2 protein chains.
Amino acid sequence: MAEKTLKERIIDTALRLFEQYGYHGVTVDRIVTESNASKGGFYHNFKSKDELLYHIHDVFITYVLNKAQEAYQNYHTPTERLCAIVQSFVKVFHLYKPHITVFYQESTYLKPEYSQKINEKRDEFKQVIFQVIREGIEAGEFRSELSVEITGMSIIGMVNWTYKWYKPNGPMTIEQIAAHFIDFILHSILTEEAKQKAENTMFFLLNKQMV
Amino acid sequence: MAEKTLKERIIDTALRLFEQYGYHGVTVDRIVTESNASKGGFYHNFKSKDELLYHIHDVFITYVLNKAQEAYQNYHTPTERLCAIVQSFVKVFHLYKPHITVFYQESTYLKPEYSQKINEKRDEFKQVIFQVIREGIEAGEFRSELSVEITGMSIIGMVNWTYKWYKPNGPMTIEQIAAHFIDFILHSILTEEAKQKAENTMFFLLNKQMV
DNA sequence: ATATAAAGACCGACTGGTTGGTTTGTTCAC
DNA sequence: GTGAACAAACCAACCAGTCGGTCTTTATAT
């Protein structure tokens, strides 16, 4: 084991470097050197530097989209679904932080052919969230005066921004952060009745004992 | 009047191009051409392409920081202060959207000497928000179980993310968006008592008539 | 007021380093 | 022997930055 293929080594190295210096701050030569590969090996595995960037994007968005759809299927009320999606999404930051950073910092530089594919999945992800909010409002669990789009983008923004400040070895565990976000969201969008009902469920995690 | 200096023309053009194509997706030659300037004119006004990037960053962060400090001084309760800060911040998006996009997309590429200066002001801005939240908790207006940092970063993230989706000519006015954010935030952080009191103030804007 | 000098704004052809990508030839394993 | 990987030289395009020079404005001297 621990037998990483050349391709994996290249991706890992590129990810680390891109995260720190940005796509344009890293040359192919440097990726090649630091992953103990060769120019030939690089271009054997990737058509171009662009394709490598696309690959990184794709791995991440595909994973996140799947997780969201999974969460949607595994739960059956809007509140539970939303919590599960947010929770799984936040947890992704622990594993995929470099991917996420690259995803949100460098997508400008994707060639049109690539960015189109990525955007399709990204939109699909957004739609899952919008859908849950819409269903929550219809079911009377979420406040009816909310705008689906703004509320959805508020949640997405709040969660996504984590990539700018989350430190894997920082004072906050990713679970604590997720719990705060969920608490924040539920207080905002649940109706008064729904709050009563939800107060003792697994997702209403933020109690006085946490700082 | 309408006499724009060369420097202004260069900045405006650069801003437009950077927003769309990213810092590294735009050459000095292109900036020069599209602003009807020359290479010499460019380097007469800026020491380097880097300095231009720094300038754009600085204008924005300085403005935002001032607005936040202003808002802090003009109001006197934590709730009012927080609302005023968020409101002024969101409104900035209308005027400074290109600046903001460049600020959050391209700051990786600032040379260390520049990014240090920028980060100082950015931290100062964060501290204003943290301070207000801290005071809100102490005053009993905000829920005591909240983490100052996570709550602060949630708010900042929610608001900042706007730059990814806000369209100046879109269906939502910037005021509507600001009202939603404030509604979202207040529902989350106010204590029950504070909510009763605040319900009729100027900031609790989101009522049933808005979709 | 006029001539002259100095300063600053601006121009654009040119340069030199960088970098993504190619090519050629080789090694090694299955 | 076929394909995965390496090594190294090479190329063409690109692009930030330079430099010598012009034109305009301002300051100075007579």
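Chain identifiers are assigned alphabetically (A, B, ...) following the order of the sequence lines, protein sequences preceding nucleic acid strands; residue numbering begins at 1 within each chain. Keep in mind that what you see is a predicted model, and the values were worked out from it rather than measured. We use all heavy atoms of the structure for the numbers below, so side chains are in, but hydrogens, waters and symmetry mates are not.
- Comparing Phe42(B) and Ser48(A) along DNA chain C, the residue whose closest nucleotide (by nearest heavy atom) sits nearer the 5' end is Phe42(B).
- Put simply, Lys39(B) has no side-chain N or O that comes within less than 4.0 Å of OP1 or OP2 on dG12(C).
- Each of dG21(C), dC11(C), dC6(D) was ranked by its minimum atom distance to the side chain of Leu6(B); first place goes to dC11(C).
- Which of dA16(D), dC6(D), dC10(C) sits closest to the side chain of Val28(B) comes down to dA16(D).
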Mind running ring pair (Phe, Tyr, Trp, His ring centres under 6.0 Å) on Phe60(A) and Phe103(A) for me, showing each step along the way? CA-CA 8 Å; Phe60(A) 166 68; Phe103(A) 190 87; 5.0 Å; yes
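- Rounded to a whole Å, the CG atom of Asp50(A) is 16 Å from the P atom of dT19(C).
- When the P atom of dA16(D) is taken as reference, atom CG of Leu17(B) falls 12 Å away, rounded to whole Å.
- Whole-Å rounding puts the Ile10(B) CD1 to dA9(C) P distance at 12 Å.
- Look at OH on Tyr23(A): it is 13 Å from P on dT19(C), rounded to the nearest Å.
- Distance from the side chain of Ser38(B) is smallest to dC11(C) among dC11(C), dG17(D), dG21(C).
- In this structure, NZ of Lys111(B) is placed 10 Å from C1' of dA16(D), rounded to the nearest angstrom.
- Side-chain nitrogen and oxygen atoms of Asn45(A) include at least one within less than 4.0 Å of the OP1 or OP2 phosphate oxygen of dA5(D).
- Partner Ser35(A) forms a side chain to side chain contact (heavy atoms under 4.5 Å, CB included) with one of Leu6(A), Ile10(A), Asp12(A) and no other, that one being Ile10(A).
- Taking side-chain N and O atoms only, His44(B) has no distance below 4.0 Å to OP1 or OP2 of dC10(C).
- Atom C1' of nucleotide dG21(C) and atom NZ of Lys47(A) are separated by 14 Å, given to the nearest angstrom.
- Between Arg9(B) atom CZ and dA9(C) atom P there is a gap of 14 Å when expressed in whole angstrom units.
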Is there a ring pair (Phe, Tyr, Trp, His ring centres under 6.0 Å) between Phe181(B) and Trp161(B) once you walk through the steps? CA-CA 12 Å; Phe181(B) 283 160; Trp161(B) 203 252; over 10 Å; no
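- Geometric assessment of Lys7(B) against the ring of Phe46(B) yields a positive cation-pi assignment under the 6.0 Å and 45° thresholds.
- Between the P atom of dT18(D) and the CZ atom of Phe46(B) lies a distance of 15 Å, rounded to the nearest Å.
- Classification of Arg143(A) and Glu145(A) as a salt-bridged pair holds, one side-chain N sitting under 4.0 Å from a carboxylate O.
- Residues Gly40(B) and Thr27(A) both approach DNA chain C. Their nearest nucleotides, taken by heavy-atom distance, put Gly40(B) toward the 5′ side.
- Using a 4.0 Å heavy-atom cutoff across all strands shown, Val26(A) reaches sugar-phosphate atoms only and no base atom.
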